[in-house]
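By convention in this document, chain letters (A, B, ...) are assigned in the order of the sequence lines, proteins followed by strands, and residues within each chain are numbered from 1.
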Number of protein chains: 2
Amino acid sequence: MPTVYDVARLAGVSTATVSRVMRGSDLVRPDTRARVLAVIDEVGFVPDASAQGLSRRRKDIIGLVALERGVDETDIERDGLLFVDQLVHAVEAVLRGTGCSLLLSFGRNGEPFQGRIRALSGKVDGLLVVEDAMPAAQLRALSRRLPVVAIAASPGEGGLDAVRVDNAGGMQALAAHLATGHGYRRLGFAGGPPDAPDAVERLAAFAAAARARPGCTVDVVPGGDFSEASGRTAARVLLSREAVPEAVACANDQMAIGVIRELQRSGIRVPADVAVTGFDNIFPGRVVDPPLTTVGQPFRELGARATTRLLERIAGSEAQPRADVLPTELVIRRSCGCPVTPSPAT
Amino acid sequence: MPTVYDVARLAGVSTATVSRVMRGSDLVRPDTRARVLAVIDEVGFVPDASAQGLSRRRKDIIGLVALERGVDETDIERDGLLFVDQLVHAVEAVLRGTGCSLLLSFGRNGEPFQGRIRALSGKVDGLLVVEDAMPAAQLRALSRRLPVVAIAASPGEGGLDAVRVDNAGGMQALAAHLATGHGYRRLGFAGGPPDAPDAVERLAAFAAAARARPGCTVDVVPGGDFSEASGRTAARVLLSREAVPEAVACANDQMAIGVIRELQRSGIRVPADVAVTGFDNIFPGRVVDPPLTTVGQPFRELGARATTRLLERIAGSEAQPRADVLPTELVIRRSCGCPVTPSPAT
DNA sequence: TTGTATGCGTTATCAC
DNA sequence: GTGATAACGCATACAA
């Protein structure tokens with residue numbers, strides 16, 4: 001592995017000059033630069049990031065930690081953890097324009113994650129923390145040593161940069177559509193993980209909005225894990241009730257898809273017999289039959305906003321920490337009972 | 001940011017002892033260890049990975065570089081790049097048990113990627129290269145400086161560790177099922193990116209297998225990009241032909257889903273009028289109506305195998321480079337024209 | 001414009 | 001068991 005010393009020697013210059021050439025400094029004579037560049041190219045010199053990081057006190061790496069949920073380790077055919085995947089791509093897209101890279105680490109439900117996050121924090125300049133990937137206390141402690149931006153974390157964590165989406169607003173719009181628009185009264189809700197802030201908020205907002213309407217009831221099935229399988233389970237529970245709901249809202253799209261398919265497997269027509277809705281607006285929801293009515297969240301913007309903020313912090317921004325809330329959007333398709341939309345290609 | 005020096009001073013020991021405690025060496029007296037540990041915990045010391053990397057000549061980071069295709073930058077609702085996402089999770093799952101982290105970098109179709117890979121190579125101990133994320137020549141050059149394992153790369157790159165799946169075998173089985181099983185004669189193929197080794201292999205194998213059967217023709221529509229949108233485009237092309245195929249195989253599942261939906265939008269029944277098949281076996285293919293007959297590839301194993309191999313190389317393995325080919329599996333659902341399978345929950 | 005010398009935070013090789 | 005101390009490879013303040 002060639003180092004600056006090798007390059008310097010071969011080019012007949014000092015290491016300082018090599019460094020200048022690498023960093024694109026213009027305080028170097030063109031012919032010197034050319035000579036150095038030639039050597040660099042010839043020996044295939046690539047600066048060691050560890051050494052650079054040590055010297056510049058900056059690693060040009062940010063980390064993203066998230067939870068992997070609802071995935072059986074032995075499952076070959078996974079659901080696809082669409083939410084976090086979308087986020088990863090959104091973050092990476094922003095980083096693409098910078099010299100920064102993305103380091104990622106997923107924690108699984110129960111497994112010890114704190115230790116890994118700790119170690120990881122030594123490898124990065126800043127951290128994106130998705131959902132409540134770590135306890136609030138540790139989050140705060142971490143954020144004193146390192147720029148941290150929380151994504152989709154529990155609200156109320158003041159003094160911390162955070163970006164989340166308007167779960168409540170989306171659910172209220174959805175409840176209104178279901179109750180007022182369609183006139184459904186007996187509602188159901190397939191809840192997500194209790195430790196997922198998004199899931200908690202969605203459930204609370206939906207239940208509150210629905211129950212605020214006269215005659216509306218909400219049959220909540222808690223304990224899902226955002227996976228399709230847990231949606232199926234919830235559907236079975238709902239089917240075992242004396243009065244099956246007219247409409248079932250779900251913590252996310254994957255669970256909604258599970259609910260739809262399980263209902264259909266039991267001979268129930270969706271949405272004719274039971275309407276079903278999701279949250280997220282991921283690709284499979286457009287594909288399932290019937291197409292899923294859902295609440296769309298702006299993945300791209302969520303990741304981009306958080307990343308931009310983190311980069312600013314790393315660059316030294318001392319601005320007041322902010323908690324941004326991004327708008328969500330009701331996406332009407334057919335699973336709620338609305339007629340076929342003649343839209344070109346949704 | 002506390003350093004070993006701070007900890008050493010506070011604990012009244014030398015930095016060497018702190019280092020020993022951190023690394024879990026047992027050559028340190030229990031009470032000393034306890035004292036050091038207490039200080040570490042109190043000041044929240046986390047070793048700087050750059051310094052560690054410099055000293056240990058090992059960064060405990062591996063990189064993954066892949067291509068992002070078929071995604072319009074302005075698209076809000078993305079298809080989800082399921083293939084690479086699956087891979088990322090599989091890789092991360094293996095890394096989870098080690099002290100190693102995953103750094104990732106996506107390149108977009110045309111954009112300059114080589115420079116970023118170069119810089120990235122200074123940050124990692126080894127590299128996973130997906131598809132032909134970089135020219136063969138550069139790949140070889142890189143692999144001389146760094147352990148590299150190619151995933152789903154073009155075959156024939158001898159002397160390099162590689163893991164791929166049996167695209168040809170899968171396609172042959174599929175062609176046999178379509179031609180012999182169902183008796184389709186006029187076949188179509190919605191091809192993927194010419195620079196995607198998987199896509200090229202799948203097309204070649206399918207066309208060869210099909211044309212080897214008497215009476216079979218294959219109408220190939222090249223130039224897709226693995227996205228659902230490009231599947232729709234291909235479907236439109238096929239529809240404009242004087243003789244629409246009886247069955248259309250596709251480069252991947254997303255394109256197949258696009259084909260299905262576009263055909264349906266034109267009033268064509270799938271599979272009654274035209275059968276459609278995919279490749280990959282991703283979640284949306286189970287959800288689409290009709291459920292997609294496809295060729296399943298072992299994402300998990302693909303990522304795990306490659307990662308394990310890379311880790312071995314980094315650990316110093318001098319074993320002969322190998323190119324593993326993982327088996328694929330025909331997944332029969334309904335889009336090929338097979339009757340409803342009464343399977344419990346596919 | 002270029003070179004010299006030092007620091008960055010850790011690990012490891014020695015001594016003690 | 002523990003403590004000095006020399007790398008590790010790069011960036012940079014300061015000289016020249």
State whether [X] and [Y] are salt-bridged, where the test is any N-O pair (Lys NZ or Arg NE/NH1/NH2 against Asp/Glu carboxylate O) under 4.0 Å.
X     : Y      : result
A:R69 : A:D195 : yes
B:D60 : B:R58  : yes
A:E68 : B:R96  : yes

Problem - Interatomic spacing from CG in B:L160 to OG in B:S143 - rounded to 0.5 Å - result: 4.5 Å
Problem - Interatomic spacing from OH in B:Y5 to CG in B:L10 - rounded to 0.5 Å - result: 15.5 Å
Nearest whole angstrom, please: distance from the [atom2] of [N] to the [atom1] of [X].
X     : N      : atom1 : atom2 : result
B:K59 : C:dG9  : NZ    : C1'   : 15 Å
B:R9  : D:dG3  : CZ    : C1'   : 17 Å
B:R58 : C:dT11 : CZ    : P     : 14 Å
B:D6  : C:dG9  : CG    : P     : 9 Å

Fill in the blank from the handout: Readout for nucleotides 9-16 of chain D: B = base within 4.0 Å of protein heavy atom, S = sugar-phosphate only, - = neither; 5' to 3' it is BBBB----
Fill in the blank from the handout: B:R20 meets the side chain to side chain donor-acceptor pair (under 3.5 Å) criterion, sequence neighbours left out, with none
Practice task
Using a 4.0 Å heavy-atom cut-off across all strands, classify A:G122 as base, sugar-phosphate, or nothing.
Solution key: nothing
